[in-house]
Amino acid sequence: MEAWYENGRFHAECNECDESIQYYPVSPRSFDVADPDTLVTAAARRITRDESSMVRGVCPYCTGNVTWSFEMPEGYWAENGMQQEDIVSHVACDDCAWFMYGTIGGKARFNTIISSFLATRGHDPWREPPWGEPFEYTERVLSDDPWRLELTYELEGDELTVTVDGSLNVIDHELTEGAVDRED
């Protein structure tokens with residue numbers, strides 16, 4: 001991954017495919033320009049804080065309520081060269097209009113059930129950068145009116161399947177330990 005700061009934004013790009021993987025505003029006062037590692041740390045903390053607040057239904061900037069939607073990855077992502085997924089989550093503040101896009105499984109990782117599953121298997125979403133998710137997950141649309149999505153996370157041979165609603169609230173879950181063959 002290559003990271004840089006330009007026009008008030010943190011940028012991260014894949015070295016192998018040259019695709020942009022992160023583009024987010026970060027205050028220049030939150031990192032030391034002489035130490036590039038501090039930029040990556042500051043961006044990871046800022047994005048984690050904002051995403052986790054939005055997942056809990058609160059705008060991190062004005063404390064307004066937020067509204068979630070799921071959409072195909074057209075428009076914003078294509079214009080900025082971001083990685084595209086089958087379905088994109090979009091969350092926006094009802095008051096100040098602050099918004100974020102991202103993968104559904106990536107955003108949902110801050111739900112307590114999912115973050116506990118990941119953390120007890122060595123991948124704490126509160127401490128790891130939000131890009132380059134070190135876990136596998138799949139998503140499946142169960143319904144689009146109302147939205148119901150099934151997310152399945154696989155880690156350390158175990159599998160967590162959750163059903164989320166249109167606000168990424170977990171409405172059902174099942175943990176199957178030893179569900180995935182572990183590689184020796």
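Here, residue 1 is the first one in the sequence, and each next residue gets the next number. Quick caveat: nothing in here was measured; it's all calculated off a predicted structure.
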K.L.:
Do C14 and M1 have side-chain heavy atoms sitting under 4.5 Å apart?
P.N.:
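The answer is no; the side chains never approach within 4.5 Å.
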
K.L.:
Are any side-chain N or O atoms of S27 and backbone N or O atoms of R29, one a donor and one an acceptor, separated by less than 3.5 Å?
P.N.:
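Yes.
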
K.L.:
Is a donor on one side and an acceptor on the other found under 3.5 Å between the side chain of K107 and the backbone of Y101?
P.N.:
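Flag set: sc K107 to bb Y101 pair under 3.5 Å.
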
K.L.:
Please report the interatomic distance CD(E139) to OG(S89), rounded to the nearest 0.5 Å.
P.N.:
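Spacing of CD (E139) from OG (S89) equals 9.0 Å.
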
K.L.:
Take F117 and Y153 through the side-chain contact (heavy atoms from CB on, under 4.5 Å) test and state the conclusion after the steps.
P.N.:
CA-CA 9 Å; F117 171 79; Y153 295 82; 3.8 Å; yes

K.L.:
Between the side chain of D165 and the main-chain N/O of L168, is any donor-acceptor distance below 3.5 Å?
P.N.:
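Flag set: sc D165 to bb L168 pair under 3.5 Å.
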
K.L.:
Taking C-beta and beyond as the side chain, do T161 and E150 meet within less than 4.5 Å on heavy atoms?
P.N.:
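Sidechains of E150 and T161: in contact.
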
K.L.:
Could you label the plane-to-plane angle of the W68 and F70 rings as parallel, tilted or perpendicular, counting under 30° as parallel and over 60° as perpendicular?
P.N.:
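Tilted: the ring planes of W68 and F70 meet at 30° to 60°.
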
K.L.:
Does one side chain, of S53 or Y61, offer a donor that lies under 3.5 Å from an acceptor on the other?
P.N.:
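Result is no, nothing qualifies.
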
K.L.:
Are any side-chain N or O atoms of R148 and backbone N or O atoms of D144, one a donor and one an acceptor, separated by less than 3.5 Å?
P.N.:
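Checking the backbone N and O of D144 against the side chain of R148, no donor-acceptor pair under 3.5 Å is found.
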
K.L.:
According to a hydrophobic-cluster definition based on side-chain heavy atoms being under 4.5 Å apart (Ile, Leu, Val, Met, Phe, Trp, Tyr only), do I171 and I114 belong together?
P.N.:
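Each belongs to a different hydrophobic cluster.
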
K.L.:
What's the spacing between Y137 OH and T103 OG1 if we round to 0.5 Å?
P.N.:
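Here the rounded value is 3.0 Å.
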
K.L.:
Quick one: OG1 on T138 to CZ on R140, what's the gap to the nearest 0.5 Å?
P.N.:
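Spacing of OG1 (T138) from CZ (R140) equals 8.5 Å.
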
K.L.:
In sequence, state the C-alpha distance, the side-chain angles, and the governing distance for F31 and T41, and then conclude on side-chain contact (heavy atoms from CB on, under 4.5 Å).
P.N.:
CA-CA 8 Å; F31 65 95; T41 299; over 6 Å; no

K.L.:
I need the minimum non-hydrogen distance between M54 and P60, along with the two atoms involved.
P.N.:
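The pair with the smallest heavy-atom distance is SD-CD, 3.7 Å.
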
K.L.:
Can a donor-acceptor pair be found, under 3.5 Å and without considering hydrogens, that links the side chain of S116 to the backbone of I113?
P.N.:
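A pair under 3.5 Å: no.
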
K.L.:
Tell me, yes or no, whether the heavy-atom count around E16 atom CD, taken from other residues, nucleotides or ligands under 6.0 Å, exceeds 12.
P.N.:
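No, not enclosed.
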
K.L.:
State, with a plain yes or no, whether a side-chain heavy atom of L149 is found less than 4.5 Å away from one of L142.
P.N.:
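Side-chain contact under 4.5 Å: no.
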
K.L.:
Find out whether R56 and F110 are in side-chain contact, i.e. whether some heavy atom of one side chain is under 4.5 Å from a heavy atom of the other.
P.N.:
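SC-SC contact between R56 and F110 confirmed.
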
K.L.:
Once you round to the nearest 0.5 Å, how far does CZ of R45 lie from CD1 of I47?
P.N.:
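Going from the CZ atom of R45 to the CD1 atom of I47 covers 13.0 Å.
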
K.L.:
Taking all heavy atoms of P25 and all of R9, pick out the closest pair and write down the distance.
P.N.:
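The pair with the smallest heavy-atom distance is CB-NH1, 3.0 Å.
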
K.L.:
Could you tell me if the side chain of W98 sits less than 4.5 Å from the side chain of C59, heavy atoms only?
P.N.:
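They are in contact (side-chain heavy atoms under 4.5 Å apart), so the answer is yes.
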
K.L.:
Using the six-membered ring wherever Trp is involved, compare the ring planes of W4 and H11 and label them parallel, tilted or perpendicular (cut-offs 30° and 60°).
P.N.:
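Plane angle under 30°, so parallel.
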
K.L.:
Do side-chain atoms of Y24 reach the backbone of A44 as a donor and acceptor pair under 3.5 angstrom?
P.N.:
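Not confirmed, Y24 side chain does not pair with A44 backbone.
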
K.L.:
Side chains of N65 and D95: does their closest heavy-atom pair fall under 4.5 Å?
P.N.:
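No, side chains not in contact.
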
K.L.:
Under 3.5 Å, is there a donor-acceptor pair between the D32 and T38 side chains?
P.N.:
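Judged by distance alone, the side chains do not pair up.
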
K.L.:
Compare all side-chain heavy atoms of L155 with those of L118 and state whether any distance is below 4.5 angstrom.
P.N.:
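SC-SC contact between L155 and L118 confirmed.
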
K.L.:
Using modelled atom types and a 3.5 Å cut-off, is there a donor and acceptor pairing between side-chain atoms of D158 and backbone atoms of G178?
P.N.:
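Indeed, once roles are kept as given, a pair shorter than 3.5 Å links the two residues.
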
K.L.:
Taking atom CG of L160 and atom CD of E174, what is their separation to the nearest 0.5 Å?
P.N.:
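Atom-to-atom, L160:CG and E174:CD are 9.0 Å apart.
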
K.L.:
Go through it in stages, so that I can follow the logic: the residues are H90 and M100, the test is side-chain contact (heavy atoms from CB on, under 4.5 Å), and I'd like the CA-CA distance, side-chain angles, deciding distance and then a yes or no.
P.N.:
CA-CA 6 Å; H90 174 256; M100 298 180 84; over 6 Å; no

K.L.:
Which heavy atom of A3 sits nearest a heavy atom of V40, and at what distance?
P.N.:
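Looking at all heavy atoms of both residues, the closest pair is CB-CG2, 3.9 Å.
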
K.L.:
Is V164 reachable from V58 through a run of hydrophobic residues whose side-chain heavy atoms are each under 4.5 Å from the next?
P.N.:
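No: no chain of side-chain contacts under 4.5 Å links V58 to V164.
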
K.L.:
Once rounded to the nearest 0.5 Å, what's the spacing between atom CG of N111 and atom OG of S52?
P.N.:
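One gets 12.0 Å once the value is rounded to the nearest 0.5 Å.
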
K.L.:
To check you understand the geometry: which heavy-atom pair defines the closest contact between T48 and P130, and what is its length?
P.N.:
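The pair with the smallest heavy-atom distance is OG1-CD, 4.1 Å.
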
K.L.:
Could you tell me if the side chain of W147 sits less than 4.5 Å from the side chain of S69, heavy atoms only?
P.N.:
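Counting from C-beta outward, S69 and W147 never come under 4.5 Å.
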
K.L.:
How far apart are the C-alpha atoms of T163 and H173, what are their side-chain angles, what is the distance that settles it, and do they pass the side-chain contact (heavy atoms from CB on, under 4.5 Å) test?
P.N.:
CA-CA 6 Å; T163 302; H173 71 282; over 6 Å; no

K.L.:
When you measure from the side chain of Y5 to the backbone N and O of V26, does any donor-acceptor pair fall under 3.5 Å?
P.N.:
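The answer is yes, because a donor-acceptor pair under 3.5 Å joins these two groups.
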
